[in-house]
**Q** 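This is the structure I have questions about; it appears just below.
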Amino acid sequence: GLSAADGAPASPGARRALEELGLDLTGHRSRPVTRALAESAAALIAMTGPQAQLLAERHPPTRDRIFLLRSFDPASPPYSDLSDPFCGSPEDYRRCRDLIRRAIPGLVRYLTQTALPPPSL
């Protein structure tokens, strides 16, 4: 994350929204985006335009590998943000979860078809 504390667990709302699908986030821990992590990634996926801009400012060599998650959902309008449901209602978390689920197949397709090797550090 861009402002994530290293090692923080997923929020209770996120854990509950994924438990509804039979997924367990109890072992998940946050990790800040470091220079080494950003520069070794095949793609950096942002949830919002401002996050994408911040990634580009902090890690200029990665500009061409920064994408908005919803851009991988063909039904999503161009440049659509995905609002953070943190501290929101259970429905906010479900909506976010479902929007992420719609984008994942396109993201996986992009990553497997592009098969970009990570840049060398």
Side-chain angles (χ1 to χ4, degrees):
L2 293 169
S3 339
D6 195 22
S11 70
R15 287 195 312 265
R16 282 191 294 274
L18 290 182
E19 284 170 0
E20 292 173 1
L21 301 179
L23 301 171
D24 182 6
L25 275 184
T26 55
H28 172 80
R29 296 294 178 264
S30 61
R31 187 166 89 173
V33 178
T34 63
R35 178 181 174 194
L37 183 62
E39 291 183 5
S40 68
L44 293 110
I45 309 303
M47 300 301 194
T48 67
Q51 287 175 344
Q53 182 62 36
L54 188 56
L55 277 168
E57 289 168 7
R58 288 184 183 175
H59 309 288
T62 69
R63 281 186 187 274
D64 62 338
R65 292 179 277 130
I66 298 172
F67 304 96
L68 288 175
L69 178 62
R70 292 192 64 199
S71 68
F72 294 99
D73 174 2
S76 179
Y79 308 108
S80 294
D81 286 347
L82 182 57
S83 298
D84 188 344
F86 190 67
C87 293
S89 70
E91 189 52 43
D92 293 333
Y93 279 94
R94 287 184 193 108
R95 179 182 176 280
C96 183
R97 172 201 67 198
D98 293 344
L99 289 171
I100 291 170
R101 286 181 76 192
R102 290 203 303 251
I104 294 298
L107 174 58
V108 169
R109 224 176 358 268
Y110 172 79
L111 292 173
T112 56
Q113 291 176 356
T114 305
L116 293 172
S120 56
L121 294 177

**Q** Working to the nearest 0.5 angstrom, can you tell me the gap between R94 CZ and L99 CG?
**A** 14.0 Å

**Q** Between the main-chain N or O of R65 and the side-chain N or O of T62, is there a donor-acceptor pair closer than 3.5 Å?
**A** no

**Q** Tell me whether the count of non-hydrogen atoms from other residues, nucleotides or ligands lying under 6.0 Å of CZ in R31 goes above 12.
**A** no

**Q** Heavy atoms only: give me the nearest S30-D6 pair and the separation to one decimal.
**A** O-OD1, 3.5 Å

**Q** Between CD1 of I66 and CG of L55, what distance do you get to the nearest 0.5 Å?
**A** 5.0 Å

**Q** Taking the side chain as C-beta and beyond, is there a heavy-atom pair between E91 and P85 under 4.5 Å?
**A** no

**Q** Is there a donor-acceptor pair closer than 3.5 Å between any side-chain N or O of Y93 and the backbone N or O of C87?
**A** yes

**Q** Is it true that atom CZ of R97 has more than 12 heavy atoms of other residues, nucleotides or ligands lying nearer than 6.0 Å?
**A** yes

**Q** Return yes if some donor-acceptor pair links the side-chain N/O of D81 with the main-chain N/O of S83 below 3.5 Å, else return no.
**A** no

**Q** For G7 and R29, work out which heavy atoms get closest and say how close.
**A** O-CD, 2.9 Å

**Q** The test is side chain to side chain contact (heavy atoms under 4.5 Å, CB included); show your working for M47 and I100 and say whether it passes.
**A** CA-CA 9 Å; M47 300 301 194; I100 291 170; 4.2 Å; yes

**Q** Please find the pair of heavy atoms, one from E57 and one from P60, that lie closest to each other, and give the distance.
**A** O-CD, 3.7 Å

**Q** Angle class for the F72/F67 ring planes (parallel below 30°, perpendicular above 60°, tilted otherwise)?
**A** perpendicular

**Q** Going from CG on L107 to CG on D73, what distance comes out if it is rounded to the nearest 0.5 angstrom?
**A** 11.5 Å

**Q** Distance-only, no hydrogens or angles: does the S11 side chain make a donor-acceptor pair with backbone N or O of F86 under 3.5 Å?
**A** no

**Q** Any sub-3.5 Å donor-acceptor pair from R15's side-chain atoms to A10's backbone N or O?
**A** yes

**Q** Enter the distance from R58:CZ to L2:CG here, rounded to the nearest 0.5 Å.
**A** 5.5 Å

**Q** Say you draw a straight line from CZ of R95 to CG of L82; how long is it, rounded to the nearest 0.5 Å?
**A** 7.0 Å

**Q** Might you point out which heavy atoms bring A52 and A46 nearest each other, and give the distance in Å?
**A** N-CB, 3.6 Å

**Q** Which is it for V33 and H59 under the side chain to side chain contact (heavy atoms under 4.5 Å, CB included) test, yes or no, and what are the steps along the way?
**A** CA-CA 10 Å; V33 178; H59 309 288; 3.9 Å; yes

**Q** Kindly determine whether S80 and L68 satisfy side chain to side chain contact (heavy atoms under 4.5 Å, CB included), including the steps that lead there.
**A** CA-CA 8 Å; S80 294; L68 288 175; over 6 Å; no

**Q** Please say yes or no: joined through hydrophobic side-chain contacts below 4.5 Å, possibly via intermediate residues, are L69 and L111 part of one cluster?
**A** yes

